[in-house]
Amino acid sequence: MHTKILIIGSGPAGYTAAIYAARANLSPILVSGWQQGGQLTITTDVENYPGFKDVIQGPWLMEEMRLQAEHVGTKIIQDQIERVDFSQRPFKVFGETGSQYTADSIIISTGAQAKWLGLDSETHYRGFGVSGCATCDGFFFRGKRVAVIGGGNSAVEEALYLTNHASHVTLIHRKDTLKAEKILQERLFKNEKISIIWNAVVEEIVGTETPKNVTGIKLKSPTVSHIDVDGVFIAIGHTPSSQIFKGFVEMDEEGYIITNPGSTRTSLEGVFAAGDVQDKVFRQAVTAAGQGCMAALEVGKFLNQS
């Protein structure tokens, strides 16, 4: 099937791009992937998305965005894109279902996935004390004890941010030195609300069942075997879902798609990128939605000029 605009991915960026493109009478097709709604579908309480005075649920917000996109004229197809050919226009895209799509323009909004430790207990308590985003969930741990796992920029930034809410933050790192920038390390070491456990590996996250809450962490460490915490923030990085686009659009060393400053344009004319697949700084639903809006508006101008 052919379309003027093909949107790949269905998080806040993809759905918002679809809403704006459909309202411009561009009849977009959105291929959602198997996990419709992206990372927010595994997020429970959302308290920082504008427009809602009460806590809302991530899956509900994504469902509302999907319904709005469909209501204004977006055709949404549940399929997983496995291969693309952007060597010439119209661009060709191939789904796992066997469907083939051609498009005059592409908006990539495939997002990113937080890296996890891979523990069963981590999965069990995800959303009940285990989180991959301090700016999303730090507010829920006001006056409580939390731990951050990691040693890079993300981990140190999350630890520093959490001191605005938590009574104490413990940074747990598997090595004896941090990978974070020196200026961040200096801030971390000076902060009296932060302590560090070196050369430690998380073996298990422990907690209660009724109610379901994290209460501590078991460690494999020369010095500490257990700490009591109310929350655990995993900050060992993100992986952008960009592998199938390699060789067609420019990316950085981590796989994030590079866009022009202040724009969603990629290195390939007619291909745009929005949301976490190109944003490794903010990674928020509201910024992803804003970038989706930008992408749709820029695609409209591109199509009018081409």
Side-chain angles (χ1 to χ4, degrees), residues 9 11 33-45 58-59 80 82 96 110-138 140-141 144-159 161-162 166 169-180 196-209 212-244 246 253-256 275-277 279-280 283:
W34 299 135
Q35 184 180 315
Q36 287 185 309
Q39 292 184 74
L40 272 183
T41 59
I42 57 172
T43 302
T44 51
D45 293 346
Q80 185 75 31
E82 62 179 3
E96 288 184 359
T110 46
Q113 297 294 324
K115 294 179 182 176
W116 299 97
L117 300 173
L119 301 172
D120 290 340
S121 56
E122 172 191 54
T123 303
H124 183 71
Y125 287 106
R126 196 177 299 170
F128 297 91
V130 173
S131 171
C133 179
T135 51
C136 306
D137 299 326
F140 299 113
F141 296 89
K144 297 184 178 181
R145 304 154 301 171
V146 300
V148 175
I149 316 301
N153 283 349
S154 295
V156 174
E157 288 170 352
E158 300 241 310
Y161 173 81
L162 286 165
V169 179
T170 302
L171 183 72
I172 300 170
H173 187 41
R174 59 190 176 89
K175 297 183 179 180
D176 59 2
T177 57
L178 298 174
K179 295 184 296 181
I196 305 174
I197 300 177
W198 304 102
N199 300 306
V201 176
V202 177
E203 287 195 322
E204 185 182 1
I205 296 167
V206 297
T208 58
E209 291 302 313
K212 194 174 182 180
N213 287 314
V214 166
T215 59
I217 303 174
K218 288 183 180 179
L219 298 172
K220 184 178 181 181
S221 162
T223 56
V224 182
S225 61
H226 178 93
I227 61 169
D228 294 325
V229 292
D230 302 295
V232 181
F233 290 83
I234 313 299
I236 56 177
H238 285 72
T239 303
S241 302
S242 62
Q243 295 83 354
I244 61 173
K246 285 183 178 177
E253 65 280 358
E254 297 174 80
Y256 287 91
D276 288 10
V277 74
D279 173 20
K280 60 181 177 182
R283 293 198 296 260

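Hydrogens, waters and symmetry mates play no part in the numbers below; they use all other heavy atoms, side chains included. What you see is a predicted model; the values in this text were computed from it and never measured.
In this structure, OG1 in Thr170 is found 11.0 Å from CG in Leu162, a value given to the nearest 0.5 Å. How far CZ of Phe140 is from OG of Ser131: 9.5 Å, rounded to the nearest 0.5 Å. The distance from atom CD of Glu204 to atom NE2 of His226, rounded to the nearest 0.5 Å, is 10.0 Å.
Nearest heavy atoms, Lys115 versus Ile234: O-CG2, 3.7 Å. Across all their heavy atoms, Val156 and Ala180 have their closest contact at CG2-CB, 3.5 Å.
At distances below 3.5 Å, not a single donor-acceptor pair connects side-chain atoms of Ser242 with backbone N or O atoms of Tyr256. Distance alone, capped at 3.5 Å, places no donor-acceptor pair between the Glu203 side chain and the Lys218 backbone. The closest donor-acceptor contact from the side chain of Ser221 to the backbone of Ala200 lies at 3.5 Å or more, if one exists at all.
Residues Arg145 and Asp230 are paired through a salt bridge, judged by an N-O separation under 4.0 Å between the basic side chain and the carboxylate.
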Inset, instruction - Could you please spell out the steps behind the side-chain contact (heavy atoms from CB on, under 4.5 Å) verdict for Ile149 and Leu117? - result: CA-CA 9 Å; Ile149 316 301; Leu117 300 173; 4.2 Å; yes

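Across His238, Arg283, Lys280, a single residue satisfies side chain to side chain contact (heavy atoms under 4.5 Å, CB included) together with Ser154, and that is Arg283.
Cation-pi geometry between Arg126 and Trp116 is met: the NZ or CZ atom falls under 6.0 Å from the ring centre, inside 45° of the normal.
Checking His124 against Glu209 by side-chain atom types alone, a donor-acceptor pair falls below 3.5 Å.
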